[in-house]
Amino acid sequence: MTDPFSAGECVAIAFDADVGAAVVGEHGGVAAWPAPMAIEALERLERQVGPRWVWWGPDTARRLVAAQVRPARCWDLDAVHRLLQGGWPSGPARAWAAARGLDADATPTVAPVDLFSAATDDDADADAVRPDGHLDPRWIDGRWRDDLDTLTRWATLALEVQRAQRAGLDDLDDRPAAPATARSESAAAVLCAELEHDGLPIDVAEAERIIASFVGPRPRDAAEEQRLTDERDHRVLRHLGRAGTDVDLRNPANVKSLLRRAGIEVPDTRAWRLEQLRDRHPVVDALLEWRTAERIGTAFGYRWLDEHVRNGRLRGSWSPSDGAAGRMTATAGLHNLTADLRPAIAAEPGHVFVRADLGQIEPRILAAVSGDPALAAATEDDDMYSPVAARLGVARDVAKVAVLGAMYGQTTGHGAAALAGLRTNYPIAMGYLDGAARRAEGGNDLRTRGGRLVRMSSAGDPGDDDGPSGVERSRAAARGRYGRNAMVQGAAAEFFKTWAVIVRARCAGSAARIVMCLHDELLVHCHVADADEVLRRVTDGVQEAAHRWLEPTAPHVRFVADASVIHRWSDAK
DNA sequence: TCGGTCACGTA
DNA sequence: CGTACGTGACCGAG
């Protein structure tokens with residue numbers, strides 16, 4: 001059989017491990033295989049043709065990864081939909097509606113599976129596209145995609161959505177990087193499926209030791225668990241004698257009155273505030289210690305271990321982009337694992353982690369997206385804050401706070417004083433940020449450098465137009481900060497994902513696997529013998545990402561990474 | 001059973 | 001009166 005596909009062409013795929021696979025090429029080629037032959041056929045296609053796989057979303061990516069197919073190039077309709085349309089909502093119904101110019105909020109919902117709807121399933125030959133133009137929800141949930149013909153239809157529709165998305169990206173005249181961003185966002189979506197599948201190596205015994213050091217050994221039953229909890233509470237409450245018996249430490253209002261009885265008045269009971277009151281009364285110290293133990297016990301305790309760790313791997317679900325600026329998200333505490341537990345994140349025997357993080361990524365991104373030549377020049381320094389400080393005539397740390405404050409919209413503190421210096425010395429970068437903030441304040445949507453829509457219509461809720469009240473002003477200010485930050489954070493997320501998928505591609509031939517992405521940090525798990533090579537690929541990958549990502553006409557911006565070979569995550573600097 | 005709020009960890 | 005996220009707990013409304 002001669003392949004009906006040509007190298008590198010877009011090939012839509014609908015895949016179900018039980019039914020089989022159908023593929024439809026953009027030049028008209030069609031093929032389908034029943035389940036027993038599907039995986040081998042897909043692997044052959046990947047090897048011999050190397051297409052850009054087009055699929056509807058994470059389900060397909062997960063199924064392919066589970067079948068050990070690790071596609072090199074793809075187009076994830078879900079990820080590109082989020083890029084083009086902004087926000088969290090996605091899925092086939094919305095992607096289709098957007099492609100057809102239909103109202104995304106008018107998409108039909110799935111009829112519940114019961115006796116009544118089963119009776120109406122007589123029209124099982126109904127097409128996926130309803131008379132009103134929307135996708136039939138029964139096709140979306142997969143109920144009717146049960147043979148090779150329906151899979152072929154599903155793939156054909158995916159190809160149609162992709163054509164519309166490509167046109168939409170090309171139409172973003174002032175965002176030439178948008179099509180490339182769509183491709184790297186798609187690759188990041190596969191990476192997410194792999195992160196879910198592979199998991200993060202964790203030393204369970206070490207994790208249990210750490211947890212025990214905070215909350216004691218694993219309780220044998222509910223009664224023992226209750227006893228441990230009561231003892232922990234008592235170590236705080238005993239400082240107040242009989243007065244403390246009716247206090248629930250998990251209730252902030254109760255904690256506030258507890259503190260009042262100790263002669264301490266606070267507007268809230270946040271840790272940073274209590275930190276300064278440690279010497280006022282011994283109960284403060286006990287309370288702060290209780291808080292850390294309570295947090296480990298609830299969020300990262302034995303239950304967390306049992307729920308999310310299997311065969312020495314910590315697994316959560318991953319999303320390639322959040323609904324705001326487009327950073328990756330992860331569940332199971334992967335993105336907010338406390339430093340206390342990092343010693344438990346350990347490479348397996350014979351393996352190491354190659355850990356790397358992008359240095360000062362946000363100010364470097366600002367220099368790039370704004371095209372400010374003075375700020376771009378500062379990026380040539382390993383520490384770009386020192387040339388900025390020299391130019392402003394302030395201390396290095398003051399310059400740092402000022403730059404970060406400008407990106408975050410901070411208006412108070414030490415940075416505010418240096419802000420004027422930033423405006424005169426880096427007018428283009430500051431003008432870029434102020435412009436974004438101004439448009440956001442007015443409720444106008446923004447687009448990142450890579451073309452991601454940052455929706456302002458929903459953010460800060462312009463809501464009832466009750467004139468220039470204080471409430472409305474502060475909401476506008478909140479939108480301004482949000483928009484200002486999203487332009488930098490969003491472009492940084494795009495850069496990071498470009499880097500990550502380059503590393504993924506460069507490691508594809510080996511056993512090395514990316515096992516953690518943390519906004520500006522990568523963890524690659526690999527054989528000890530491969531560590532040096534992986535380290536090189538990770539650091540070279542930054543330069544390749546910069547080369548791919550920077551506009552040819554813009555001032556040169558230098559990106560840097562700090563990389564090292566470690567055994568435990570806690571070994572990092 | 002839900003959304004809102006607090007609190008707290010990560011970047 | 002710097003942004004984002006996920007998690008867990010409590011509260012009050014339904």
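Look at A:Thr269 and you'll find a side-chain N or O under 4.0 angstrom from OP1 or OP2 of B:dA7. A close approach under 4.0 Å does not occur between any side-chain nitrogen or oxygen of A:Arg327 and OP1 or OP2 of C:dA4.
No contact: A:Ala253 has no heavy atom under 4.0 Å from any strand. A:Arg291 comes within 4.0 angstrom of the backbone, heavy atoms only, and of no base. Residue A:Ala271 is classed as a sugar-phosphate contact, given heavy-atom separations below 4.0 Å to backbone atoms only.
The distance from atom CZ of A:Arg270 to atom C1' of B:dA7 is 6 Å, rounded to the nearest whole Å. Atom CZ of A:Phe214 and atom P of B:dG9 are 11 Å apart (whole Å). Regarding A:Leu433, its CG atom lies at a distance of 12 Å from the C1' atom of C:dG2, rounded to whole Å. The interatomic distance linking A:Tyr482 (OH) with C:dG2 (C1') rounds to 14 Å, in whole Å. Between A:Lys256 atom NZ and B:dT5 atom C1' the separation is 12 Å, expressed in whole Å. Between the C1' atom of B:dC8 and the CZ atom of A:Phe300 lies a distance of 10 Å, rounded to the nearest Å. Between the C1' atom of C:dT3 and the CE atom of A:Met456 lies a distance of 12 Å, rounded to the nearest Å. For A:Arg484 and C:dC1, the CZ to P distance is 17 Å, given to the nearest whole Å.
The listed nucleotides are B:dC8, C:dG2, B:dA11; the one nearest the side chain of A:Tyr408 is C:dG2. Comparing B:dG9, B:dA7, C:dA4 against the side chain of A:Gln489 picks out C:dA4 as the nearest. Relative to the side chain of A:Asp268, the nucleotides B:dA7, C:dA4, B:dC8 differ in distance, and B:dA7 lies closest.
Aromatic ring pairs are classed by plane angle as parallel below 30°, tilted from 30° to 60° and perpendicular above 60°; the pair A:His525 and A:Phe353 is tilted.
When side chains are defined from C-beta on, A:Thr379 does not count as touching A:Gln360, because their heavy atoms never get closer than 4.5 Å. At least one side-chain heavy atom of A:Leu314 sits less than 4.5 Å from a side-chain heavy atom of A:Trp304.
Around the CD atom of A:Glu275, the shell of radius 6.0 Å holds more than 12 heavy atoms that belong to other residues, nucleotides or ligands.
Looking only at distances, a side-chain donor or acceptor of A:Asp322 sits under 3.5 Å from a matching main-chain atom of A:Ala325.
Taking the P atoms as reference points, C:dC1 lies 15 Å from B:dT5, given to the whole Å.
Aromatic rings from A:Phe300 and A:Phe214 are positioned such that their centres are separated by 6.0 Å or more. In this structure, A:Trp318 has its ring center under 6.0 Å from that of A:His335.
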query: Reading nucleotides 5-14 of chain C from the 5' end, what letters show protein touch, with B for base, S for backbone sugar-phosphate only, - for no heavy atom under 4.0 Å?
result: SBSSSSS---

